[in-house]
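The next block holds one structure in the form of structure tokens; read it before the comments.
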Amino acid sequence: MPASFELTEEERLIQQTAHDFANDRIVPIAAENDRRGTFPKEILKEMADLGFMSMLIPEDYGGVGLGNFSLVLVLEEINRGCASTGVTMSVHNSLASSPIIRYGSDEIKKKFLPKMATGELLGAYALSEAGSGSDAASLQCRATKDGDFYVLNGTKSWITTGAEADVFVVMVRTNPKERSKGISSFVVESDTPGFSIGKKENKLGLRASSTVQLVFEDARVPARQILGKEGEGFKIAMETLDGGRIGIAAQAVGIAKASLDASVGYANEREQFGKKIGSFQAIQWKLADMATSIDAARLLMYRAARLRDAGKPHTQEAAMAKLFASEMSNRAAREAVQIHGGAGYLKDFPVERYYRDARITEIYEGTSEIHRIVISRNLTKN
Ligand code: CAA
């Protein structure tokens, strides 16, 4: 369990439930799912039964509505077991259900949220395109109004959970004369005629999670499935990412904690020069640095989640948590491989998976470079 922190009784219980679930149901299958590239569908159903897929969905819409702080407690534990399962949970909660909760009409909320809460519908988020990654506001996918519908055309790239999701929050251009203000957000169902899955990517890590292209060819989406108003889509996308980035911080912390646990276990077992390697200061210092930086990242993550729950500004704090946690996680996973030596390079031990999985946390939901821009812009704005 994470180092002690003043949690409420309810939060402690949620954390313990997620901890036990990760150990019992996720850890045993994570390596095999990674090797085979198997999407953890059955596990997600069990997670929905525990409320893990409806952490932000209000009870009125069938969710547990516990908020972002409880969400990160659970996400850290799930990601400690399997980062592919963790990102699926994070995207579903923070990037798909959250904007529907915050910006959907009551009709849209009633249509989608109860089924997203039970896990019957899985959510995803589609912002990036081949030509617009970090420069998200330059996206080119188009939506043109046609009576009670918008007609979508274009291709989205690198969409997490895209192959399995049923409901997508999709950002498209409704006004080509504007930049960020020409973008709108829609909820799009996977069975919409004209919508299809394109290329499935072959990745370094997160191999039990799909990453695909989404192709829109005259896909007709009901106009009432817009989130907010026409032209508000970029702000919705950014505000949604403020929450998502806290979730990726939790993923990074979870991977780092798994790296530390494996390293402590190995240091207490492996003998060289007639002693446990954990008795050597070279190894002790690595473990101490890992544990200290994990706690620092976790505290940044807790702060950002609390601010988001309180409805207070948190763009900068979310960026700091994600930036620090993701870079920390990569260092921790690297050290875990180093502590394991030759064994760490083998598929027989989990640390090579942590090393591969950690890498994406510095890239998706905003690269480290973008987060430094977000933080420094906040520091220098008048
Ligand atoms: N909340 C609310 N509004 C925001 C905002 C936020 N966090 N950030 C920006 N905005 C608003 C601004 O206030 C501005 O509004 P006004 O014009 O009314 O002032 C508008 O949005 C445009 O903002 P900027 O001028 O700052 O826009 P920009 O083009 O300079 O871009 C950026 C800013 C920070 C670089 C942004 O493009 C960005 O975050 N890029 C990274 C994209 C990203 O994170 N992609 C991740 C893809 S999703 C993913 O990875 C999911 C997955 O697979 C798991």
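For ligands, and for the atoms within them, numbers begin at 1 and follow the listed sequence.
Classified by interplanar angle (parallel below 30°, tilted 30° to 60°, perpendicular above 60°), the ring pair His340/Phe349 is perpendicular.
Every protein residue with a heavy atom nearer than 4.0 Å to ligand 1 is included here: Val91, Leu95, Tyr125, Ser128, Gly133, Ser134, Ala136, Ala137, Thr160, Arg179, Ser180, Lys181, Phe234, Lys235, Met238, Glu239, Leu241, Asp242, Arg245, Thr315, Tyr364, Glu365, Gly366, Ile370, Val374, Arg377.
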**Message:** Apply side-chain hydrogen bond (donor to acceptor under 3.5 Å, both in side chains) to residues Tyr150 and Gln225 and explain how you reach the verdict.
**Reply:** CA-CA 9 Å; Tyr150 280 87; Gln225 289 188 194; over 6 Å; no

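Side-chain contact, Gln338 with Tyr355: no donor N or O sits under 3.5 Å from an acceptor N or O.
Taking CD from Glu76 and CD from Gln15, the interatomic distance works out to 7.0 Å, rounded to the nearest 0.5 Å. Taken to the nearest 0.5 Å, the CG atom of Leu214 stands 13.5 Å off from the NZ atom of Lys199.
The backbone N or O of Ile101 lies less than 3.5 Å from a partner atom in the side chain of Lys109, making a donor-acceptor pair.
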